[in-house]
> 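The structure under discussion is supplied below as structure tokens; questions concerning it will follow.
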Amino acid sequence: MPAQSAQQPVLEVRGIRKEFPGVVALDGVDFRLFPGEVHALMGENGAGKSTLIKVLTGVHPSDGGEVVLDGRPVRIAGPLQAQLAGISTVYQEVNLCPNLSVAENILIGREPRRFGLVHWSELRRRAAESVADLDLDIDVSAPLDSYSTAVQQLVAIVRAVEVSAKVLILDEPTSSLDREEVRQLFAVMRRLRDQGVAILFVSHFLDQVYEICDRMTVLLGGRLEGEYLTGELRQVDLVARMIGGEPSDPGEPSDSARREPAEGADAPPFLRADGLARSGAIEPYDLTIRSGEVVGLAGLLGSGRTEAARLLFGADHSTRGSVRIEGAEVSLRTPRTAISHGIAFCPEDRKTEGLIGELTVRENIVLALQAARGWTRPLSGTRQDEIALHWIRALGIRPGNPEALVRNLSGGNQQKVLLARWLITDPKLLILDEPTRGIDVGAKAEIQKLVADLAGDGMSVLFISAELEEVLRLCHRVGVLRDRRLVAELPNDGSLTPESIMATIASGAQS
Amino acid sequence: MTKHRLFWPAVVLAVLLLANLAFTPDFFAIRIKDGHLYGSLIDILHFGAPLVLVALGMTLVIATGGIDLSVGSTVAIAGALACLHISEAADPASPGTVVASVAIALAVALVLGVANGVLVARVGVQPIIATLILMVAGRGVAQLVTGGQIITVTSGPYRLIGGGYWLAVPFAVLLAVVVVLLTALLTRRTALGLLLESVGGNPVASRLVGIRASGLIALVYVFSALCAAVAGLMISSNVSSADGNNAGLWIELDAILAVVVGGTSLTGGRFSLGGTVLGALIIQALSTTIYTIGIPPETTLVFKAFVVITVCLIQSPAFRAKAVRRRSSATRSARPRPLKTEEAEA
Ligand SMILES: Nc1ncnc2c1ncn2[C@@H]1O[C@H](COP(=O)(O)OP(=O)(O)OP(=O)(O)O)[C@@H](O)[C@H]1O
Ligand SMILES: [Mg+2]
């Protein structure tokens, strides 16, 4: 770690203030970023991390304070200016062009040119090179939307590190990545850091923060809580600072939130899939989910976890196989039919597949319930308010205003809205695809507890997460996928560890 | 108060009306003559009624992320069918004939709306293309119905729809008010509005929430066609004739403008019926203003375009912020030295 005292910060922020109608998102925040360091920006959902990043990069104009770049006060008018000034950013909500190729997305705005025209072969070559740099296996000529959220996130990262910037900002880049990609990303980050790049890193994974970061700045409710050296602040103290409480030692939220299924292991199956498959997406698989059981799906990026789940919700059509619900064969052709059978699905990509950004929190929460009732049977205004307020409180959604537009909420709070939407429909099977993506430590424990309680009351849950610890904490059984094939089904009897799951994934063994 | 969605459309309408005062001192005067209300404001409401209706249907279509270019043709077809039926009837003035002619016009509009709806929602044709078909073909159909002639009718009851008065108020205005209120009830008292906004705001997410989008989408095209048909009846009734060529010509553009000026985004999602009504009145007031202040006919379209662009810019918060910032930055120079790149942009 470089001796910072001798150095001048490459980027410094003094007394930054940002107000949105009704919310003070940043209130006099100071922040310094030195060359050659990885600096974590920490705080709860809605603490103002993303807003600080957006103000720094000119997405939002600030309402006060100043930004100093290389010792000079600057006014950055927009993301393009930020880029030209040497600040490269991956925003929390990936903003790429889904219908363009991966290569175009990586180099858009700085395409190699020849005779004034885009030099296509050079463009593909350079894109492939930067993808290979992160040890990724992505076809750069394929359209971006043929890839999952996680890969899209990786592409955004590739795009950001491709430019040689002075400052690299990564807002929750690892929220949907697997260990392996995280490791690759950290290798790249270390390399850049050693070259003198200043890196700002946001993550709700404390282990990752402690692994990669030299220093951290903690925000609390839009104010600066403090700046610390990572080595000098214990994790428990960090959590206490983030939530503004006394340091207590909650440790890992009780290492097993899981309850025994209400009716034991021989409860009747709620859903049974036989040889269900969709060509090109997922090979035939068998899966049984009992009432009150939490079944996890583990696997690497692109192993087919999401694809398998989507078939059970009718989000995609299966090309073969059958599904039985409570013993009767059903044809899940559309999400609507699946919903009518008591299935709910919380998709992984909340922005494009989950929320209606310009509708309010209340409207988003009641939407699934209302859709099931049909438009002729509206929920009354008071009933809607009641539901919305109840879940805003239950999940700690902030700001707690049901009439706030969902797109103005912080990422973690949006995720909670999505969860609330499905929980009110009181489903029999809840499919959760990365439900704790971008959710802070405190809320994550709450949600896990909620899922365990619901399962305790007899709800079946299919739980997908890249975070194996979380899968183990919640699930009674874990299905392991590899290369779009369900290769094993492991009972979580206490002997299962993240390492043994990884080993199963690696060997692809049939258990 | 400037936060309210209807604030800027209302301001624009007020400014437009006040501007007329400079040219027509008795612009706001309303007189009662023969038990009928008369005055420039009444005229704007009266002539604006068909546009209000067409724009109303257009609003719901646009809310779903679509667009309906065929409304002008539907206006012409509805008027042509009604007038044809009346002109061929034994007793043009009997209420029965008129009711039948209205029924025919609405029934055919229903079919046209279903055709649009099926093309968009079932077949998956892009709305602009699907409705362009009827926009072009529909004019031909209207011509066929009228036999390429202008059909004139003399029928008291028919005349009432677009040209008559009831309780001193133009009947067309009352009709428009009723339709607007019914639409507001239908969309805001049921969950229809919410589901439409959801489908338009994010179709992918809406599907995963279990909203049956295709039915809703078909419904709004049918509604739009019916609104256009009623507007077509009003227009032809007001002039007691049907002109397959010119009735409702370019009304789709005025309607789209009214919707946009009223604050509904063309990308779909949130819609505002109140905004659309104001928007339609703004467009109509603009047309009236153009006549009264005597803008040469060859420049009316340019003038109209200019006003519409100004209105849209005024409504954009980004533009207002920029305009304000530019003014204040000229007065304040003690700010930190801006980045070079920013100067390049400016
Ligand atoms: N465009 C906006 N309009 C209104 N309020 C906003 C807007 N953007 C952010 N906010 C509010 O500002 C606050 C800070 O949000 P921000 O996105 O910075 O949180 P965050 O720390 O990044 O949280 P997370 O960990 O959930 O991503 C929140 O209360 C949020 O609702
Ligand atoms: Mg954030």
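Proteins come first, then strands; the chains are lettered A, B, ... in the order of their sequence lines, and each starts at number 1.
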> Which residues in residues 357-368 of chain A have a heavy atom less than 4.5 Å from any heavy atom of chain B?
A/E358, A/L359, A/T360, A/E363, A/V366, A/L367, A/A368
> Which residue out of B/G200, B/S265, B/G193, B/G269 racks up the most heavy-atom pairs below 4.5 Å with chain A?
B/G269
> Using heavy-atom distances under 4.5 Å, tell me whether B/R212 contacts chain A through its side chain, its backbone, both, or neither.
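For B/R212, backbone and side chain are both near chain A.
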> Considering non-hydrogen atoms only, spot the tightest contact between B/A191 and A/P378 and give its length.
N-CB, 3.7 Å
> Is the backbone N or O of A/L355 less than 3.5 Å from a side-chain atom of B/N202, with the two atoms forming a donor-acceptor pair by type?
yes
> Between A/G354 and B/A205, what is the shortest heavy-atom contact and its length?
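Scanning both residues completely, I find the closest heavy atoms to be O-CB, 3.3 Å.
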> What distance do A/R377 atom CZ and B/T190 atom OG1 have between them, rounded to the nearest 0.5 Å?
13.0 Å
> Examine whether an atom of B/L216 lies under 4.5 Å from a heavy atom of chain A, and if so say whether it belongs to the side chain, the backbone or both; otherwise answer neither.
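Just its side chain gets close to chain A.
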> Taking everything shown except A/R333 itself, do over 12 heavy atoms lie less than 6.0 Å from its CZ?
no
> What are the two closest non-hydrogen atoms of A/A371 and B/V209, and how far apart are they?
CB-O, 3.8 Å
> So which residue, A/E353, A/K351, A/R421, A/Q370, ends up with the most heavy-atom pairs under 4.5 Å with chain B?
A/E353
> At a 4.5 Å cut-off on heavy atoms, which part of A/R350 comes close to chain B: side chain, backbone, both, or neither?
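Neither part, no heavy atoms under 4.5 Å.
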> What distance separates A/R336 CZ from B/R207 CZ, expressed to the nearest 0.5 Å?
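Nearest 0.5 Å value for the CZ-CZ distance: 12.5 Å.
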> Indicate every side-chain donor-acceptor pair of residues 113-128 of chain B with a distance under 3.5 Å to a residue at least two apart or in another chain.
unit_1 : atom_1 : unit_2 : atom_2 : d
B/N116 : ND2    : B/S70  : OG     : 3.0

> Heavy-atom pairs under 4.5 Å with chain B - which of A/T337, A/T334, A/T352 has more of them than the others?
A/T352
> Within a strict 4.5 Å, meaning less than it, do heavy atoms of the B/L186 and A/W375 side chains meet?
yes
> Contact part of B/L195 toward chain A, heavy-atom cut-off under 4.5 Å: side chain, backbone, both or neither?
side chain
> Is the shortest heavy-atom distance from the side chain of A/F313 to the side chain of B/L208 under 4.5 Å?
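With C-beta onward as the side chain, the pair touches.
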> Which residues satisfy the side chain to side chain donor-acceptor pair (under 3.5 Å) test with A/D70, sequence neighbours excluded?
A/K166
> Can you name the side chain to side chain donor-acceptor pair (under 3.5 Å) partners of B/S206, sequence neighbours left out?
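Listed in chain order: B/S198.
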